[in-house]
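Numbers for residues simply follow the sequence, beginning at 1.
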Amino acid sequence: MTTTLLRTAGELHARTRAGRRAVVMTMGALHEGHATLIRTARGIAGPDGEVVVTVFVNPLQFGEGEDLDRYPRTLDADVELAGQSGADVVFAPAVDEVYPGGEPEVRITAGPMGERLEGSSRPGHFDGMLTVVAKLLHLTRPDIALYGQKDAQQLALIRRMVRDLNFGVEIVGVPTVREEDGLALSSRNRYLSAAERRTALALSGALFAGQDRHAAQEALRARAREVPATRARAEALSAIGESRAAADTHAVATAVPGGPAAVRAAARQVLDEAARLDPPLALDYLALVDPSDFTEIGDDFTGDAVLAVAARVGATRLIDNIPLTFTSFGAAS
């Protein structure tokens with residue numbers, strides 16, 4: 001399809017709108033993860049709607065010493081990929097179009113949730129992110145805006161801002177897209193050497209280990225619930241030499257519901273091993289949090305949770321996460 005490149009909000013506002021407008025916000029260097037967002041937006045907007053992809057490298061999101069200057073700018077390729085994925089418009093404003101007169105004096109503040117995890121590692125990052133998201137929502141005037149779940153804390157904060165400040169837009173989260181080896185797609189992956197990439201696989205490996213540990217615990221719980229713990233059961237197991245195995249299974253299966261500590265420990269083991277690789281992985285944080293406020297969950301937690309990790313490999317900082325759902329019986333999905 002033909003994709004129009006626009007540079008000003010005035011040009012975008014002048015377009016005739018029939019159906020709903022769906023916006024996908026990016027900083028460019030588009031990859032298959034962005035393509036998935038755009039295709040999802042196309043499906044939501046429908047044939048009569050409009051899909052707008054923003055490409056803007058926001059200086060407010062980069063702290064001192066971060067990679068603003070070397071962040072990849074590939075606009076021609078971005079327009080091509082966006083069009084192939086179903087975008088009608090690529091909106092690529094200059095800095096002075098988004099911030100006329102220089103950096104804004106009035107900004108959105110992320111609050112306490114924006115000071116945790118990514119916010120602690122990158123002070124001011126989420127204030128800058130929310131400020132530009134708010135501005136781009138005003139500049140593009142969408143009905144729906146889509147964001148990737150790989151940036152889980154960002155997505156949670158955008159949802160909170162839209163709710164708390166009464167933005168008239170629907171926020172849609174789209175699941176993380178991964179490469180064949182499990183590494184979450186990111187524009188920063190291109191910075192990794194072959195050796196660094198091998199080490200970086202520990203991020204997704206740690207998350208999958210935590211997820212597998214949780215699933216295994218639930219399987220043991222289900223096994224323990226199948227047969228009541230009666231004397232007849234114990235005698236039968238003993239008769240076939242499984243008394244110790246049954247005791248171990250029952251002990252694990254009846255541990256603290258959900259086993260957040262076990263999930264963390266399984267993930268941590270993978271990360272500790274990666275810290276001894278060459279090149280090593282330098283862990284920033286590993287957290288199992290409530291997505292409503294990004295505070296650590298306790299052993300009695302029930303509901304949706306996020307297992308999140310951030311680390312550096314060489315000069316490249318990467319993040320990843322997976323969702324888990326804890327029930328009163330420790331089940332995960």
Side-chain angles (χ1 to χ4, degrees), residues 31-33 36-37 117-118 121 148-156 173-189 192 194-223 249 252-253 255-291 294 296-297 299 301-314 316-327 329-333:
H31 50 63
E32 181 56 28
T36 298
L37 283 166
L117 300 187
E118 284 298 291
S121 298
Q149 291 178 358
K150 184 178 81 70
D151 297 292
Q153 192 171 4
Q154 169 180 281
L155 174 59
V174 178
T176 300
V177 178
R178 299 185 179 278
E179 301 192 41
E180 289 185 2
D181 57 10
L183 190 67
L185 282 173
S186 169
S187 301
R188 291 186 169 93
N189 290 352
L192 298 169
E196 289 171 341
R197 185 186 174 88
R198 287 192 292 272
T199 296
L201 290 175
L203 274 80
S204 56
L207 298 179
F208 297 151
Q211 184 180 54
D212 289 347
R213 180 65 185 85
H214 202 352
Q217 184 173 49
E218 173 57 16
L220 291 172
R221 284 181 172 279
R223 180 179 173 185
T249 297
V252 172
V256 176
V263 171
R264 294 184 183 98
R268 173 74 66 170
Q269 182 177 352
V270 175
L271 297 169
D272 288 346
E273 291 172 357
R276 296 189 289 271
L277 296 177
D278 182 20
L281 179 142
L283 181 65
D284 190 343
Y285 62 76
L286 171 69
L288 185 55
V289 299
D290 181 341
F294 272 70
E296 288 281 351
I297 65 171
D299 284 340
F301 179 86
T302 60
D304 293 335
V306 172
L307 180 62
V309 63
R312 288 187 180 276
V313 182
T316 304
R317 186 175 185 276
L318 300 170
I319 64 172
D320 200 354
N321 71 85
I322 56 170
L324 295 172
T325 300
F326 291 80
T327 74
F329 296 102
S333 59

Are any non-hydrogen side-chain atoms of [X] and [Y] less than 4.5 angstrom apart?
{"X": "Ile319", "Y": "Glu118", "answer": "yes"}
{"X": "Leu203", "Y": "Leu281", "answer": "yes"}
{"X": "His214", "Y": "Phe326", "answer": "yes"}
{"X": "Asn189", "Y": "Leu183", "answer": "yes"}
{"X": "Thr36", "Y": "Glu32", "answer": "yes"}
{"X": "Asp290", "Y": "Phe301", "answer": "yes"}
{"X": "Asp272", "Y": "Val270", "answer": "no"}
{"X": "Leu271", "Y": "Leu286", "answer": "yes"}

How close do [X] and [Y] get, counting heavy atoms only, and between which atoms?
{"X": "Thr199", "Y": "Ala274", "value": "CG2-O, 4.3 Å"}
{"X": "Ala310", "Y": "Arg317", "value": "CB-NH2, 3.7 Å"}
{"X": "Ala261", "Y": "Asp299", "value": "N-OD1, 3.8 Å"}
{"X": "Val313", "Y": "Pro279", "value": "CG1-CG, 4.4 Å"}
{"X": "Asp181", "Y": "Arg197", "value": "OD2-NH2, 2.9 Å"}
{"X": "Gln149", "Y": "Leu155", "value": "CG-CD2, 3.9 Å"}

Could you walk me through whether Leu283 and Val309 pass the side-chain contact (heavy atoms from CB on, under 4.5 Å) check?
CA-CA 8 Å; Leu283 181 65; Val309 63; 3.8 Å; yes
Are Leu307 and Asn321 close enough, and set up right, to give a side-chain contact (heavy atoms from CB on, under 4.5 Å), and what steps lead you there?
CA-CA 5 Å; Leu307 180 62; Asn321 71 85; over 6 Å; no
Tell me, please, which residues at least two apart from Arg178 pass salt bridge (Lys or Arg N to Asp or Glu O under 4.0 Å).
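Counting only residues at least two positions away or on another chain, Arg178 forms a salt bridge (Lys or Arg N to Asp or Glu O under 4.0 Å) with Asp320.
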For the pair Glu296 and Arg264, find out whether any cationic side-chain nitrogen is under 4.0 Å from an anionic carboxylate oxygen.
yes
Apply side-chain contact (heavy atoms from CB on, under 4.5 Å) to Val306 and Ile322, showing your working.
CA-CA 6 Å; Val306 172; Ile322 56 170; over 6 Å; no
Can you check salt bridge (charged side-chain N to carboxylate O under 4.0 Å, His left out) on Glu196 and Arg312, steps first, answer last?
CA-CA 10 Å; Glu196 289 171 341; Arg312 288 187 180 276; over 6 Å; no
Which distance, rounded to the nearest 0.5 Å, do you find between the CG of Leu318 and the CZ of Arg188?
8.5 Å
